[in-house]
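Read through the structure below, which is laid out as structure tokens, and then see the notes.
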Amino acid sequence: MGLFDAMLDRLAAVLGKRIQGYDQNASYRDSGKKGKEYSVESMVSESLANLMMLDFTMPIEGESARARMLDGTSDSFVRDTLCNAVSMGFLTGDSVTVPSWNGRTMDNVLVDAGSFAILGANGHEITSMIYVVDEKQVKNGSRYTRYTLLRLIELVAYTAQDGTQTFANRYKTFIAKDGKITDIQLSEFPDWAETNEDEWVIPNVDRLLIGRYRSFTLNPLNPNAQKGTPICFGASAPIREIHYLTEQMHEEFGLSEKAIIADKTLFKKELLRDGDGNVVSQKLVLPKGRERLFMNVGNRGTSGAPLIQEWAPTIQLQPYVDALEKQYQEVEKCVGVSSGILSNLNDQSYQNVDNVRKSTIKTQSFVNTARKVCESYLDDMVYAWNAIANFYGVTPVGDFHVEYKWSDDYINTFSDQQNAILAGEAIGATDAVDYRMFVMGESPEVARERVAQIKAEKGDELAAFEEIRV
């Protein structure tokens, strides 16, 4: 158990609760290596998150001010935060997003699996949790003290002013010192006190005001775990092998650097003498290029052989490239996706969308499941934004409608979609407006107006041509 888990255990004990499940980690992980060298887990998670979020939009429509406010919040969230939240869920197995109102806009704080603990849940719906808000180190003399700002969010019973029984979100802030829960007041840290409160309640809700993206990967050793499983959980062996092969390749590159072998006669001794002319020390003077210089002690200079030779062996690069490619494919198999995420595509000469779909069927299945999980996550986020807007009176309450618009452009090529529209026009299923919307990227209104203009212009040209013929 790590220091963070021990700290959360202490806080749970203070609250009279129990942590329900800890992080699930494989025997070998490289997720923490990003920023130092490179992380295979991060590459897989971010690549799949970017793939599933390709051209995604989430318009929130309606005539009310609330709909317009939520639509703006949605636009910025999809642009700035959503892909990172999904990637974090893939990488760490679980992530939650905690929204709040800062007086002008919605803040959406991402929390990875290692920075929150579940204290209560109804199935996979969290009803009570603790998470890390911030952390700082303060120097006291010769040592540093670590302070951690923690927040408890829980769903509690609430009685409204009219006596109606409902639920509320209760927020309570704690401060830990070197991993131990203290009674230190928030006011002792002005920067924290400026943007946080000790305790508050948001009433009239039926769930925690958070969004949770829980990975759907199976851990056969703990299939009923409350925390999600990282998508690379079963890929420890090939990931370890990738790092081993990379290190070996670097070592061989180092050994293959050019070396200079110089004749012994080119190495000169420099003698240092005292005032009486006696030799007190001597120093070997090396020719230029001494960084990779070796002496040929055979002293062949008088035999007519070259005085300087080079030794530069060629690295066996291709075997390493092939071995790495094989291990990348093994990682993809362990994650449950088709080749092409890390490795090269098995065949890049696909001629139509049917062949592409057949070759990427595992990736399609993964993306479809990930999108369904994402829609549930986004439902909770929109609910939270709306509830927070009600509590703070950001805008008047109003109706709105949410749409999730996913793109399949990672499967369908431009020519395939173009041909489908033209084929639909032949049977009356599509028209010129659909074609302009796809090819030109125009809105329905602009496309319809432009099609009408083109028809009118062609009609005038045809009428003028008929007059000339007469």
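All heavy atoms count here, side chains included; hydrogens, waters and symmetry mates do not.
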Between Gly89 and Ser95, what is the shortest heavy-atom contact and its length? N-OG, 3.8 Å

So NZ of Lys172 and CD1 of Ile153: to nearest 0.5 Å the spacing works out to 14.0 Å

Quick one: pull up SG in Cys334 and CZ in Phe233 and give me the separation to the nearest 0.5 Å. 11.5 Å

Using the side chain to side chain donor-acceptor pair (under 3.5 Å) rule, take Thr360 and Gln364 through it: C-alpha gap first, then chi angles, then the decisive distance, then the call. CA-CA 6 Å; Thr360 60; Gln364 293 172 59; 3.1 Å; yes

What's the spacing between Arg371 CZ and Leu378 CG if we round to 0.5 Å? 12.0 Å

Please verify the inter-ring angle class for Trp385 with Phe77; under 30° counts as parallel, over 60° as perpendicular, anything in between as tilted. perpendicular

Asp112 vs Ser115, test: side chain to side chain donor-acceptor pair (under 3.5 Å). Steps then yes/no. CA-CA 6 Å; Asp112 66 274; Ser115 299; 3.1 Å; yes

Could you tell me the separation between the CG atom of Asp198 and the CD1 atom of Ile175, rounded to the nearest 0.5 Å? 8.0 Å

Scan residues 181-191 for pairs that pass side chain to side chain donor-acceptor pair (under 3.5 Å), counting only residues two or more places apart or in two chains. Lys136-Asp191

Name the orientation class of the two ring planes belonging to Trp200 and Tyr171 (parallel below 30°, tilted from 30 to 60°, perpendicular beyond 60°). parallel

State whether the side chain of Asn102 and the backbone N or O of Thr105 hold a donor-acceptor pair below 3.5 Å, judged by distance alone. yes

Glu332: which of Ser343, Ser339, Ser338 passes side chain to side chain donor-acceptor pair (under 3.5 Å): Ser343

Between atom CG of Leu91 and atom CZ of Arg29, what is the distance when rounded to the nearest 0.5 Å? 6.0 Å

Tell me whether Tyr28 at atom OH has more than 12 heavy atoms from other residues, nucleotides or ligands lying less than 6.0 Å away. yes

Does any pair with a residue in residues 237-247 pass side chain to side chain donor-acceptor pair (under 3.5 Å), and if so which ones, sequence neighbours excluded? Asp30-His243, Tyr38-Thr246

Counting only heavy atoms not in Lys33 (residues, nucleotides, ligands), do more than 12 fall under 6.0 Å from its NZ? yes

Return yes when atom NZ of Lys34 has more than 12 non-hydrogen atoms of other residues, nucleotides or ligands closer than 6.0 Å, and no otherwise. no

